[in-house]
Every structure is written in structure tokens, then in C-alpha cells.
Amino acid sequence: MVGLSNAIKRPAVDHAFYKFNGRLAMFQRSSADKEHWEGRWSKNNVGHILDSYRSGRLDEFEGMFTRHLPKELPVLEAGCGMGQWVMALSARGYRVEGLDYAERAIQRIREHAPELKVRTGDIYKLDAPDETYGGYISIGLFEHNPAGPRAALLETRRVLHSEGVALISVPYLNRRRSRLLERGLSANGSAADGLAFYQYYFSLAEFQRHIEEAGLTVVECYPYGLHTGLTRDSRFWQRLSKSPLFVWPLQYRFIRWCANAPGWIRFRAAHMLMFACRRADGVRC
């Protein structure tokens, strides 16, 4: 993937970055619709992925998930994709359900792990009564709506239990990306240079404002994906990661260091932000 600074001067073949509706946005050849995700997930071995999470491994989400998700109330992963987090949480004893609008992806999960509770559905119109879920998980989902995250956040609040916690992550407008936004080209309409809108990047303050306007309150913010942020946004780290001198033992140590890096480094250069949110008392939307 080309560096962000290069993409702004000359859009890459498959994607480019623009200022769109006042935010940094990625445009690419295919929009983030159902067929895009069906095609993307069809390239993966779902059975192998699910088997690798039967041990209950949670990777970088270990702390956030175990601190905030209750075992005594049902948990929903909205946009469960290939189902690895549903598998991992189920293995740990959580009452977890997975939902996605990609029918073929859900069918493949059922074929490989019929014990998992997964179904098709719409995150904007969940088939659940008010205050159903003690835990709500959305990983990299709300950024794909060009109208913004408000509708999804309002539905999250509706189904979230009064004692529940929602864990929501979006791409992070880190320092390097902020500079790109400041000097970025503007995109008018829903497409630019033949590319379609794909996703937004949010600053901590902006997404927290969206959360609060939807009647939720932030209790913790966790930047993650430092390795991805560095290797996507920096030419130096891109070249180093592809260098034959950067052999696997060194790469592995670097990846592990990124996963456990100090917070101040992750807040500077991480790829994603995860917010832990509760319902705000007395707020009606």
C-alpha cells in the first residue's frame, strides 16, 4: 500500500484519500457494500480462522473485552464477518451472538461451527427489543456510512442494557493522517476520479462527540493496531517491513512490541480507536 503523502499527490490505482464532508475519507474501486464483504471474506478459509480462535484468544482485545463485557447478559457482535470473536468469546463462556448482513458469510460460519449463534440482520434495524444486550461489539463498521455514524449509534443505544457496555472501533485520524487532511484534495459528491467512498477516519474528540450526541458516554478509549498504522502511513516502515533484512524473528518481535507499546505512542500512530461506552443517564434521543 502506498504512503498517504504519495496518495494525495497521485491517487493509487485502487484507492486514494480525500477531504469529504469535512473528514478524511478513503475512496476505492469498490464501495463497502454487501458484495464487497462477501467477496473479501470468500478469499479466507473460514474454518481455519474459526479453529484458530477456539482456544478463546482475543489478541489485542484481551483487556478491553474482559474488562467490559458481562457474562451474565447477552452480547452481540454487530458485523461479525468471519465469526472469530464470536468463537473466542463463546469459548470463554460468554452468551454471545453474531450478526452480519452478508448471507454467504453467515452460512459458511454455520457450516464450520454450527454451535455458534449467528444470523443475518441489519445493524440499523436490529431484530431485538430495547435494552437487550449487556455487551455490544462493533469493530470497524460505523465508518463505512457516508452519512456518518449517528444512525448506527442510536440503534446501539436502543438495544444496549442500562448496565451494558458497547465496544465500538473506527479508523483513527492519527497525527500523520491529520496532516494529510489539512492539505488534502476535496471530493465533491459520492465519487472522485472514478473511485467510490469507502470509509472515514475519526479523531478521538470527533467520535466521542458523535457518541455523546447519541445518548452514550465514553468510559474508556483504547488505540490499537499500531503495527498497521505504522506500516500503512509511513514510507520508512513500509519499506522496512518488506526488506529482506527484516527477517521473520525481527518482524515478530516488532509486531509484539507494537501490541504492547505505551499508550502515548499508540495515541500518536495507531490505526484504530476503540471506545467503551455506556448509556448516558437521563438522555433521550
Could you tabulate the donor-acceptor pairs under 3.5 Å formed by side-chain atoms of residues 82-90, not counting sequence neighbours?
none

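Contact record, Pro171 with Glu143: CD-CD, 3.2 Å, taken as the closest heavy-atom pair. The two residues Gly81 and Ala105 come nearest to each other via the heavy atoms O-CB, 4.1 Å. Contact between Gly140 and Met272 at its shortest, heavy atoms only, is CA-CE, 3.9 Å. The two atoms that bring Val165 and Ala276 nearest to each other are CG1-CB, 4.2 Å, heavy atoms only. Pairing each heavy atom of Cys80 with each of Ile109, the nearest pair is SG-CD1, 4.4 Å. The two residues Pro114 and His112 have their closest heavy-atom pair at CD-C, 3.7 Å.
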Exercise. Going through the distances and angles, do Arg177 and Asp233 end up as a side chain to side chain contact (heavy atoms under 4.5 Å, CB included)?
Worked result: CA-CA 8 Å; Arg177 294 167 182 171; Asp233 298 349; 2.9 Å; yes
For this session: Show the numbers, then the answer: is there a side chain to side chain contact (heavy atoms under 4.5 Å, CB included) between Leu180 and Tyr18?
Result: CA-CA 9 Å; Leu180 179 63; Tyr18 294 91; over 6 Å; no
For this session: List the steps, then state whether side chain to side chain contact (heavy atoms under 4.5 Å, CB included) holds for Leu58 with Thr66.
Result: CA-CA 9 Å; Leu58 295 173; Thr66 56; 4.1 Å; yes
Exercise. Given the rule in the salt bridge (charged side-chain N to carboxylate O under 4.0 Å, His left out) test, do Glu115 and Arg54 qualify, once you have shown the distances and angles that lead to the verdict?
Worked result: CA-CA 12 Å; Glu115 73 276 14; Arg54 287 184 186 276; 2.9 Å; yes
Exercise. Could you go step by step and tell me if Met274 and Cys221 meet the side chain to side chain contact (heavy atoms under 4.5 Å, CB included) rule?
Worked result: CA-CA 6 Å; Met274 177 172 281; Cys221 181; over 6 Å; no
For this session: Mind running salt bridge (charged side-chain N to carboxylate O under 4.0 Å, His left out) on Lys125 and Glu155 for me, showing each step along the way?
Result: CA-CA 7 Å; Lys125 199 172 185 180; Glu155 184 67 349; over 6 Å; no
Exercise. Glu220 and Arg67: salt bridge (charged side-chain N to carboxylate O under 4.0 Å, His left out), yes or no, with the steps?
Worked result: CA-CA 10 Å; Glu220 185 179 355; Arg67 276 197 301 276; 2.7 Å; yes
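With Cys277 as reference, Ile211 is the one residue of Ile211, Val219, Leu167 to meet the side chain to side chain contact (heavy atoms under 4.5 Å, CB included) rule.
A ring-centre distance under 6.0 Å is not found for Tyr172 and His271.
Residues that satisfy the side-chain contact (heavy atoms from CB on, under 4.5 Å) test with Gln107, not counting sequence neighbours, are Arg110, Glu111. Checked against side-chain contact (heavy atoms from CB on, under 4.5 Å), Ala91 has no partners two or more places apart in sequence or in another chain. Take Arg92 and apply the side chain to side chain donor-acceptor pair (under 3.5 Å) test, not counting sequence neighbours, and it matches Glu62. Every residue meeting the ring-ring contact (aromatic ring centres under 6.0 Å, His included) condition with His144, not counting sequence neighbours, appears here in chain and number order: Trp37, Tyr198. Qualifying ring-ring contact (aromatic ring centres under 6.0 Å, His included) partners for Phe275, counting only residues two or more places apart in sequence or in other chains: Phe207. In this structure Ala25 satisfies the side-chain contact (heavy atoms from CB on, under 4.5 Å) test together with Phe20, Phe27, Phe197, Tyr200, sequence neighbours excluded. Contacts of Ser169 classified as side chain to side chain donor-acceptor pair (under 3.5 Å), with partners at least two apart in sequence or in another chain: Tyr224. Shown here are the side chain to side chain donor-acceptor pair (under 3.5 Å) partners of Asp122, two or more places apart in sequence or in another chain: there are none. Not a single side chain to side chain donor-acceptor pair (under 3.5 Å) links Arg209 to another residue, sequence neighbours left out.
Taken from CG in Leu195 to CD in Gln28, the straight-line distance is 8.5 Å, to the nearest 0.5 Å. Note that CZ of Arg150 and CZ of Phe142 are 13.0 Å apart. Values are rounded to the nearest 0.5 Å. A distance of 6.5 Å separates CG in Leu126 from CG in Leu76, rounded to the nearest 0.5 Å. Residue Phe17 holds its CZ atom at 3.5 Å from CE of Met26, rounded to the nearest 0.5 Å. Taking CD1 of Ile168 as the reference point, atom CG of Leu273 lies at 12.5 Å (rounded to 0.5 Å). Atoms CD and CG, from Gln199 and Leu24 in turn, are 9.0 Å apart once rounded to the nearest 0.5 Å.
Counted within 6.0 Å of CZ on Arg175, heavy atoms from surrounding residues, nucleotides or ligands total 12 or fewer; the atom is thus considered open. Residue Arg57 qualifies as enclosed at atom CZ: its count of foreign heavy atoms under 6.0 Å is above 12.
Side chain of Asn21 to main chain of Arg23: no donor-acceptor pair is present (N/O by atom type, distance under 3.5 Å, no hydrogens or angles). In this structure, the side chain of Arg158 engages the main chain of Ala128 through a donor-acceptor pair within 3.5 Å. Arg279 places no side-chain N or O within donor-acceptor distance of the main-chain N or O of Ser162, the cut-off being under 3.5 Å. At least one donor-acceptor pair closer than 3.5 Å links the side chain of Thr132 to the backbone N or O of Pro129.
Counting heavy atoms from C-beta outward, Ile106 and Arg119 have side chains that stay 4.5 Å or more apart. His161 places none of its side-chain heavy atoms less than 4.5 Å from the side chain of Tyr133. Side-chain atoms of Glu97 and Val75, non-hydrogen and from C-beta on, never get closer than 4.5 Å to each other. Using a 4.5 Å heavy-atom threshold, the side chains of Phe202 and Val170 count as touching. Looking only at side-chain heavy atoms (C-beta outward), Leu99 and Thr120 stay at 4.5 Å or farther from each other. With contacts defined as side-chain heavy-atom distances shorter than 4.5 Å, the pair Leu116/Val96 does not qualify. Glu212 has its side chain within reach of Gln208: a pair of non-hydrogen atoms, C-beta onward, lies under 4.5 Å apart. A heavy-atom distance below 4.5 Å is not found between the side chains of Val118 and Asp100.
Within the structure, no pair that satisfies the salt bridge (charged side-chain N to carboxylate O under 4.0 Å, His left out) test touches residues 263-278, not counting sequence neighbours. Evaluation of the salt bridge (charged side-chain N to carboxylate O under 4.0 Å, His left out) test over residues 70-86, restricted to residues two or more places apart or in two chains, returns none.
Asn174 and Tyr201 share no donor-acceptor pair across their side chains, judged by distance under 3.5 Å alone.
Cluster membership for Tyr94 and Leu73, using ILVMFWY side-chain heavy atoms within less than 4.5 angstrom, is not shared.
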